[in-house]
Every structure is written in C-alpha cells, then in structure tokens.
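Before any comments, here is the structure.
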Amino acid sequence: MKKKTYCNIDLTCSFQQVEDLENNQCLSGVFSKADNGFRFEESVRRQHNRRNPKLFDGNYCSLVHMQNGKYQIHMKTINASAVSDANSFAFKVYLELLSAFEIIA
C-alpha cells in the first residue's frame with residue numbers, strides 16, 4: 001500500500017447524518033480531489049428496521065415481539081451431553097422464562 005501525505009490542504013465535508021464531528025468518530029464515505037483541496041462525502045446509512053426485535057436475550061431463550069403484536073419465545077440450541085441434571089437445567093430455563101415475562105408484564 002502506498003501512502004502519500006498532503007500538507008496544507010482544504011478539506012470540504014458533506015455529512016448525511018451528523019452536523020459536527022466528535023473526537024474519534026468513524027464515518028463511512030468517499031474522498032475525492034477538488035479544485036482547491038479534497039472533498040469528503042459521508043455515505044448514506046441504510047436504516048434497517050428489525051422485523052421482530054428481541055426484548056430479552058438470555059442463556060437458554062430469547063423473547064421477541066412479533067409484527068402482529070404477539071410475543072414469541074425462542075429456545076436456544078442445547079447441548080444435551082452437557083446437561084448432567086435435567087431437573088436443574090429445567091429449573092434454570094424456568095427462571096429465565098420468568099425473567100423474560102417480567103419485561104412484558
């Protein structure tokens with residue numbers, strides 16, 4: 001990779017989302033050469049609306065809010081060989097389900 005340093009240049013910036021830069025802020029965009037210096041144009045960020053946002057994300061299950069207004073519990077993958085005591089495991093899942101339901105109650 002070649003590096004080239006330009007001293008004493010003018011930089012013109014066009015922002016899409018921000019009005020002023022903060023320290024250590026990272027932006028995506030394009031640099032191009034202008035008549036009297038350089039120009040930076042921030043790229044437009046695509047806003048993705050999550051269809052079913054997670055309201056709870058635990059070790060054993062997650063709770064999502066569906067588009068139809070209902071809630072759905074998703075169980076995570078379980079390694080059956082790692083479960084030594086089924087009753088203890090079931091109790092831990094039960095406690096996590098209670099924690100998830102506290103969010104919507």
Side-chain angles (χ1 to χ4, degrees):
M1 175 169 80
K2 285 185 172 182
K3 291 185 179 181
K4 188 169 184 180
T5 303
Y6 294 93
C7 297
N8 301 323
I9 61 159
D10 291 324
L11 176 63
T12 304
C13 299
S14 297
F15 299 121
Q16 300 288 336
Q17 303 284 330
V18 296
E19 293 181 15
D20 198 17
L21 283 177
E22 297 176 12
N23 285 342
N24 300 324
Q25 186 176 2
C26 183
L27 298 173
S28 296
V30 177
F31 276 102
S32 56
K33 249 185 178 177
D35 295 335
N36 56 351
F38 288 89
R39 179 173 181 75
F40 173 77
E41 294 176 277
E42 182 186 9
S43 61
V44 177
R45 296 181 193 146
R46 294 183 182 165
Q47 298 290 333
H48 294 287
N49 291 339
R50 297 179 70 184
R51 289 185 54 192
N52 301 323
K54 278 187 186 176
L55 300 176
F56 177 83
D57 190 21
N59 294 323
Y60 307 108
C61 66
S62 61
L63 174 71
V64 296
H65 189 210
M66 305 297 288
Q67 287 182 329
N68 61 5
K70 296 180 181 179
Y71 299 93
Q72 191 173 53
I73 295 283
H74 292 219
M75 291 299 297
K76 295 188 177 181
T77 305
I78 300 167
N79 183 1
S81 63
V83 176
S84 59
D85 181 19
N87 289 332
S88 173
F89 175 76
F91 187 71
K92 289 177 186 176
V93 172
Y94 166 74
L95 291 176
E96 195 165 280
L97 285 171
L98 286 178
S99 298
F101 282 123
E102 285 177 6
I103 293 173
I104 60 175

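Small disclaimer: the values here were computed from a predicted structure and weren't measured.
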Using atom types as modelled, flag every donor-acceptor pair under 3.5 Å from a side chain in residues 89-105 to any protein atom, sequence neighbours excluded.
| from | atom 1 | to | atom 2 | distance (Å) |
| --- | --- | --- | --- | --- |
| E96 | OE1 | N59 | N | 3.0 |
| E96 | OE2 | N59 | N | 3.2 |
| E96 | OE2 | Y60 | N | 2.6 |
| E96 | OE2 | C61 | N | 2.8 |
| S99 | OG | L95 | O | 3.2 |

What pair of heavy atoms forms the shortest contact from M66 to Q72, and how long is it? SD-OE1, 3.4 Å

Tell me whether I73 shares a hydrophobic cluster with Y71, the cluster being built from Ile, Leu, Val, Met, Phe, Trp, Tyr side chains joined at under 4.5 Å. yes

State plainly whether one hydrophobic cluster holds both V64 and M75, where clusters connect Ile, Leu, Val, Met, Phe, Trp and Tyr through side-chain heavy atoms under 4.5 angstrom apart. no

Qualifying residues under side-chain contact (heavy atoms from CB on, under 4.5 Å), relative to L11, sequence neighbours excluded: C13, F31, F38, F40

Does N8 have any side-chain contact (heavy atoms from CB on, under 4.5 Å) partners at least two apart in sequence or in another chain, and if so, which? none

Side-chain donor/acceptor of K76 to backbone N/O of G58, under 3.5 Å: yes

Hey, what do you get for CG (D35) to NZ (K33), rounding to the nearest 0.5 Å? 11.0 Å

